[in-house]
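Remarks on the structure that follows.
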Amino acid sequence: MYLPDFDYHVPETVEQACGLLAELGPDAVVLAGGTDVLHKMKQGKLAPRAVVSLKRLGELREIRYEPGRGVVIGALATQNEIYGSPVLQERYLSVSQAAHQMASNQIRNQGTVGGNIVNAVPSADLPPILITLGAEIRLVGPDGQRQMPLEDFFVEPASSVIRPAEILTEIVIPDQATTGSTYIKLGLRRSGALAVAGAAVAVTVDGGVVRDARIALSSAAPVVLRARRAEDRLRGSRADDAVLAEAGALAAQESRPRDSIRGSAEYRRNLVGVLTRRALKKAIEQGHC
């Protein structure tokens, strides 16, 4: 398969990139890692008049810790860079591990965290764990910049609140008292498969009691879904097996999966309950270490 003809632009700054996108209009696309955009172009599903590459914006690949702010992940950081980041491995190992569950090694060398978020697919692996950790994102456009919780970014499959000519530049995981977090998914292959369903969990355990819990589900609704009833059940409870089973059942009830080639809605709903319970158990055990 061949790529269609297009004009290729390589801006030197974020401001230049936003200006180009505003000037070129809806016939232009952003190229970050290219694992999704180039695939769609080769399949004939996307035929942009212009491509705006972000490859020279090296500052958007940094992963660093800023005291008083938290861990800052540049939107162009690749999935393998997230997996191998000493900062994330020390502070939020669950994010590194979620990145390592994605696709193949070749794709992880190219695919970016920004692309994984902006594509807004409900099966994406990084948004659920980032949402449970309270991540915020920064969007930059011709009219300036804005920041919002990642949870508020998604509207429906392949749709988000990003505006024309805006670029996602960074994700921030704020400092927090979380004692354990994890992401568990089931795919149809041993590695590299899209999630049939997935559960991300972040908990704060003190004295054997769950003081706070956040649960986000992938492939369980049109967008990444917070299981708030399950969270409420956990808060203030001693997390024994019975409580974890109740929380898993509540998460399953809250889910809104659909039938697809990867599994029926009923199967996925049952899977949500199992994965949520397992993820909770693993995250809570981290808090006991």
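Computed from heavy atoms alone, side chains included, the values below leave out hydrogens, waters and symmetry copies. Fair warning: this is a prediction, and the values are worked out from it, not measured in the lab. Residues take their numbers from the sequence shown, with the count starting at 1.
Across all their heavy atoms, P142 and A22 have their closest contact at CG-CB, 3.9 Å. When every heavy atom of T276 is checked against every heavy atom of A251, the shortest pair comes out as OG1-CB, 3.7 Å. For the pair S94 and L133, the tightest heavy-atom approach, listed with the atom from each and the gap, is OG-CD1, 4.1 Å. What you find for R268 and S260 is that their closest heavy atoms are NH1-OG, 2.8 Å. Closest of all the heavy-atom pairs between L3 and L38 is CD2-O, 4.0 Å. Contact detail for P257 and S219: the closest heavy-atom pair is CB-O, 4.1 Å.
V30 meets the side chain to side chain contact (heavy atoms under 4.5 Å, CB included) test with L21, L54; sequence neighbours excluded. R146 is linked by a side chain to side chain contact (heavy atoms under 4.5 Å, CB included) to L139, M148, V161, R163, E166, counting only residues two or more places apart in sequence or in another chain. With sequence neighbours excluded, the residues forming a salt bridge (charged side-chain N to carboxylate O under 4.0 Å, His left out) with D27 are R49, listed by chain and number. With sequence neighbours excluded, the residues that form a side chain to side chain contact (heavy atoms under 4.5 Å, CB included) with S218 are P128, Y183, A195. Residues passing the ring pair (Phe, Tyr, Trp, His ring centres under 6.0 Å) test with Y83 are H100, sequence neighbours excluded.
M102 pairs in a side-chain contact (heavy atoms from CB on, under 4.5 Å) with only one of the listed residues (N80, L194, L126), which is L126. Checked options V95, I171, T78; the residue passing with V113 is I171 (criterion: side-chain contact (heavy atoms from CB on, under 4.5 Å)).
Two residues are said to be in side-chain contact when any heavy atoms from C-beta on lie closer than 4.5 Å; V196 and Y267 meet this criterion. Using a 4.5 Å cut-off on side-chain heavy atoms (C-beta onward), K281 and D241 make contact. The shortest distance between side-chain heavy atoms of L130 and I117 falls below 4.5 Å.
Judged by distance alone, the side chain of E81 and the main-chain N or O of A77 form no donor-acceptor pair under 3.5 Å.
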**Request:** Before giving the answer on side-chain contact (heavy atoms from CB on, under 4.5 Å), spell out for V51 and V37 the whole-Å C-alpha distance, their side-chain angles and the decisive distance to 0.1 Å.
**Result:** CA-CA 10 Å; V51 171; V37 167; 5.7 Å; no
Going by atom type alone, with no hydrogens or angles, which donor-acceptor pairs under 3.5 Å involve a side-chain atom of residues 203-213 and a protein atom two or more places apart or on another chain?
{"from": "D212", "atom 1": "OD1", "to": "R235", "atom 2": "NE", "distance (Å)": "2.8"}
{"from": "D212", "atom 1": "OD1", "to": "R235", "atom 2": "NH2", "distance (Å)": "3.3"}

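Using a cut-off of 4.0 Å between Lys/Arg side-chain N and Asp/Glu carboxylate O, E254 and R233 are scored as not salt-bridged.
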